[in-house]
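Have a look at the structure below before the remarks.
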Amino acid sequence: MANTDSFINVVINSETVDKIGLSAALTDITDIQTAGFCGMYNNQFVNGGNYDTLLPDQQVVNRKTPLQWSGPGFPITLSAGNAAGYNFPDGQYGSIVWLYYIDGDNGNHAPDYCITQDNINKFKLVTEWDAPHYVYYPEDPGGSQAPMSGYMYDTWNATPTANGVWSSQWGINFKRLEYWTDNEKTAYTAIYDIYPYQMYVYDGKIYLLGLLYGSAVPTFSRSDSQTINFSPYNGSFDKSDVTAYTVAFIEGTFDNGGAIGQNNLPFTISSYPHLFAGYTHNKKYIGIVQTNSSSLPNGDGRLMLESYYLFHNRDDVYKFIANAGLKFYTDKLYKPVISNKIVIGYTDNMGVASDLDTWQGTTNHNVNVVPPHPGGDTGDFETDMPLAYIGSTAGMVDFIRINEQNTASADDISEALSRFDITTIGKDLLRNFVAFKCYAVLNITDSVVRDIKVSGHALKDESDNALQGEYIGGVSPVDFSAGRIEPLYNDFRDYAPYTHIQMYVPFCGWFDLPSWCMGKEITGTMFTDLYNGTVKAVIYASRTVVAEVGGCCAFDIPFAAESTGMKAGAVISSALNTVAMTGATIAAPNVATGIAAVSSAANFISAANANGTTLKGVMGDGSNTNGLLHVYLKITRPNSPTGGKSIPDKYKHEYGIPCYKELTLTEGDGFTQIMDANIEGTMTDREKQMIIDGFRHGLIL
Amino acid sequence: MSITVKTGKTTADYYAVTKTVTNEASHTVSIVYPCDILNPTFSMKGGYIDANYLTGAFGRKYWITNQTIDKGINYLHCTVDAWSSWSGDIYGKNQFVTRSEKHGNPNINDTNFPSTANTATQMQQGTLLTQHASYVIGVI
């Protein structure tokens, strides 16, 4: 290891500096996660702490861990607190990356809400930085730490102005703004009041801008070849590094009027870290333009900037670059578990109040449960696709929904049927009008309204206007949720055989759920078979399939009753056949021929039924449509004999609770029972047996 | 043979390994022979002493189970407190613990804990699956 004198100790220690307090209130976003604040202090690089940090590849890491280090620095071990440290060799550069972000679903899914100029107000973001942001020279000839960059303070606490600029209470004139689009390089010259850590909307696009501070910031320039040189480096940056994004560059000079920040340092806006050659970061962008209304650029809803802190020892080159990032999300199947404002993990427990509420003392940030969805992207995984997406194209039968807006009603159909001239189309009617059902659950995803025709003959109302209906092109599953099964006792009594969990799904009835569903979010998806009205509900317990139940959600409408209409229809059909054969009138059918025709019609009915459709219907053919329409969970628990929910402490003290694991016996463990203790020592055999017997009863340690 | 012991009072549970002893007082006592070190008797001048615990004899700790007073002599009848005497051979050792006050797993069925036969039922309402029926006709 090299001499430590030639290294800068870079220390991240949340206890050494003031913390940044950051509060966030979001509407339509259910949670926020922030990270950031660090600086040099007392020759140490310190992290304001209290914020989670995230690697650019979006792994959640401990907040005490820098996001990313580059350069030849190496970790050092520090004894103080939770500090982590890094050394940078003399004469070398290194960088630290901090990423500020708002994250909710661990980057797994595209958010429901894309940030566009239209809906940016949904993302009303209020952040407050209430602690100074210092960076000091690592070593100052005068023996003190001269501030490298000054006070950075920014408040997001405003709605966008007319041009979508988020105003801040600390006004800094921004001289020039340029950005590139993917297809062209267009320089816009504009003067906006923009601020460090700022998001704004321009020309329908979202920009997140981090700004560079420092009294010794090198200058840079960007040539037409899209190469930006950053002195003293000659590194280059090319758009190819950010092909996935349109980036925004800022150049210019802050005119702070000598009034910005605690130390009244001159602020100079400069470049961005990806301009530094030789320091490779996975995310080489400084801003993201969101133009796609369906997904964010990287597909996971991430809008972010990164913070880079560059260090150089002893030489008078020392740079501090900071920018900020945000990541928007909708909290879906994963919810951040926040402890002391730190995201310590994610949970799929979506049925309880959001931790954001706990954090902020607010309410109504509960997440919406989106169960796994076949083929969709809103759930957590894709399931097998059952044969539920059945529409008119799936067979020769056109299914038409009526009794909807702008279409015919059931009565209209009934009336129209009676108006058919059976002498001309009656046979077609019977043969081709194959179903009349009422569905309780029918999630039509694709339909077109047009005239209802039976074998080419339009059904018409009494004014001879053609009736219209929705020709069903597709039926989609229906998602539902029963909520989380909350444990009551938080012990073995929450499970079988003590607690019994049942679930009710409309049209499918009651069924048992296994014990392991306790504590899980119960969701489900119901698939409807359009041909026969059967439904299949797949039940999930926190994304694991736990049950599959079936039922029927439709019943037939008796447009021709089986007992009479069917036979009547057969007779009519027979009569028509007779007419065709004999040329006689329908008023004088031949009885024998009619009987034969009935038999023939019966065969036809049988054949029609064989393909799974119903030729004639009767009420109440096995559907459960008269049952409950909500999803229910029923949890039956034994009452507590002690009155309270918890096992009494006195019981634990006198009897303990089952443990069954190897432990190192420690004073203070309390009641400890060991069925066959292994006692070694110089005690007498009788004493040893006494101790063994004592443990068999249970000793109090 | 005379030895010096300490007597005192403890309110600790009989099965407690670590016991707090108060009102400790030193006494010079004589061992009454023959002596069973697990159930020794010590004699000392004087009458009844307000104590139930004795330490300092034979490297062990004893419960004072009884006191017999005769002619100005108090006979302290003792029984060894085995787990307290040998706590050093208990603490720090790994054992397979079947029940524990502090380290138990509440999700392991505890048949010792009573359960009531009567139950309480909780109904939890979820999604309203449907409210509007759809009439559908099928035509060829």
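A note on names: the letters A, B, ... follow the listed sequences, proteins ahead of strands, and every chain is numbered from 1. Worth saying up front: this structure is predicted, and the values here are computed from it rather than measured.
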Under 4.5 Å from any heavy atom of chain B, what part of [X] do you find: side chain, backbone, both or neither?
X      : value
A:H697 : side chain
A:K453 : backbone
A:I452 : side chain
A:Y495 : side chain
A:T664 : both
A:T682 : both
A:P497 : side chain
A:Y489 : neither
A:Y498 : side chain

Can you tell if the side chain of [X] reaches within under 4.5 Å of the side chain of [Y], non-hydrogen atoms only?
X      : Y      : answer
A:Y660 : B:S100 : no
A:R401 : B:Y135 : no
A:D669 : B:H103 : yes
B:I137 : A:F399 : no
B:V136 : A:I402 : no
A:E486 : B:Q122 : no
B:I108 : A:K661 : no
B:W86  : A:I691 : yes

So, [X] side chain and [Y] main chain: donor-acceptor pair closer than 3.5 Å or not?
X      : Y      : answer
A:E662 : B:V97  : no
B:Q124 : A:K634 : no
B:R99  : A:G656 : yes
B:T127 : A:S481 : yes

Could you pull out the closest heavy-atom pair between [X] and [Y], with the gap in Å?
X      : Y      : value
A:P648 : B:F113 : CD-CE1, 3.8 Å
A:Y632 : B:M123 : CD2-CE, 3.7 Å
B:P106 : A:N490 : CB-O, 3.9 Å

All N/O donor-acceptor pairs, side-chain side in residues 11-18 of chain B, below 3.5 Å, sequence neighbours left out:
residue : atom : partner : partner atom : Å
B:D13   : OD1  : B:Y15   : N            : 2.7
B:T18   : OG1  : A:E667  : OE2          : 3.3
B:T18   : OG1  : B:Y91   : OH           : 2.6

**Prompt:** Around B:K6, counting heavy atoms of other residues, nucleotides and ligands shown, do more than 12 lie under 6.0 Å from its NZ?
**Reply:**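 Open.
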**Asked** Given the rule in the side chain to side chain contact (heavy atoms under 4.5 Å, CB included) test, do A:M526 and B:L129 qualify, once you have shown the distances and angles that lead to the verdict?
**Response** CA-CA 9 Å; A:M526 177 174 284; B:L129 208 59; 3.4 Å; yes
Against chain B, work out which of [options] has the most heavy-atom pairs shorter than 4.5 Å and name it.
options                        : result
A:V631, A:L633, A:N639         : A:N639
A:I647, A:D491, A:N443, A:L665 : A:L665
A:E687, A:K652, A:M690         : A:E687

**Asked** Highest number of heavy-atom pairs under 4.5 Å with chain A: which of B:T119, B:D89, B:T116, B:T98?
**Response**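 Between B:T119, B:D89, B:T116, B:T98, the count favours B:T98.
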If you round to the nearest 0.5 Å, how far is [atom2] of [Y] from [atom1] of [X]?
X      : Y      : atom1 : atom2 : value
B:L128 : A:H630 : CG    : NE2   : 4.0 Å
B:K102 : A:F671 : NZ    : CZ    : 13.0 Å
B:N107 : A:F492 : CG    : CZ    : 9.5 Å

**Within residues 47-59 of chain B, residues adjacent to chain A where the heavy-atom gap is under 4.5 Å** =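 The list, in residue order, is empty: none.
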**Prompt:** Can you list the steps and then say if A:Y655 with B:E101 is a side chain to side chain contact (heavy atoms under 4.5 Å, CB included)?
**Reply:** CA-CA 7 Å; A:Y655 302 103; B:E101 177 179 349; over 6 Å; no
**Message:** Do the side chains of B:K93 and A:E680 get close enough for a salt bridge, i.e. N-O under 4.0 angstrom?
**Reply:**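 Salt bridge absent between B:K93 and A:E680.
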**Request:** Assess whether side chain to side chain contact (heavy atoms under 4.5 Å, CB included) is satisfied between A:I657 and B:N105, documenting all intermediate values.
**Result:** CA-CA 7 Å; A:I657 60 175; B:N105 180 352; over 6 Å; no
**Prompt:** What's the verdict on side chain to side chain contact (heavy atoms under 4.5 Å, CB included) for A:I635 and B:T121, showing C-alpha distance, side-chain angles and the deciding distance?
**Reply:** CA-CA 6 Å; A:I635 303 129; B:T121 299; over 6 Å; no
**Prompt:** With a 4.5 angstrom heavy-atom cut-off, which part of B:L38 approaches chain A: side chain, backbone, both or neither?
**Reply:**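 Looking at B:L38, just its side chain touches chain A.
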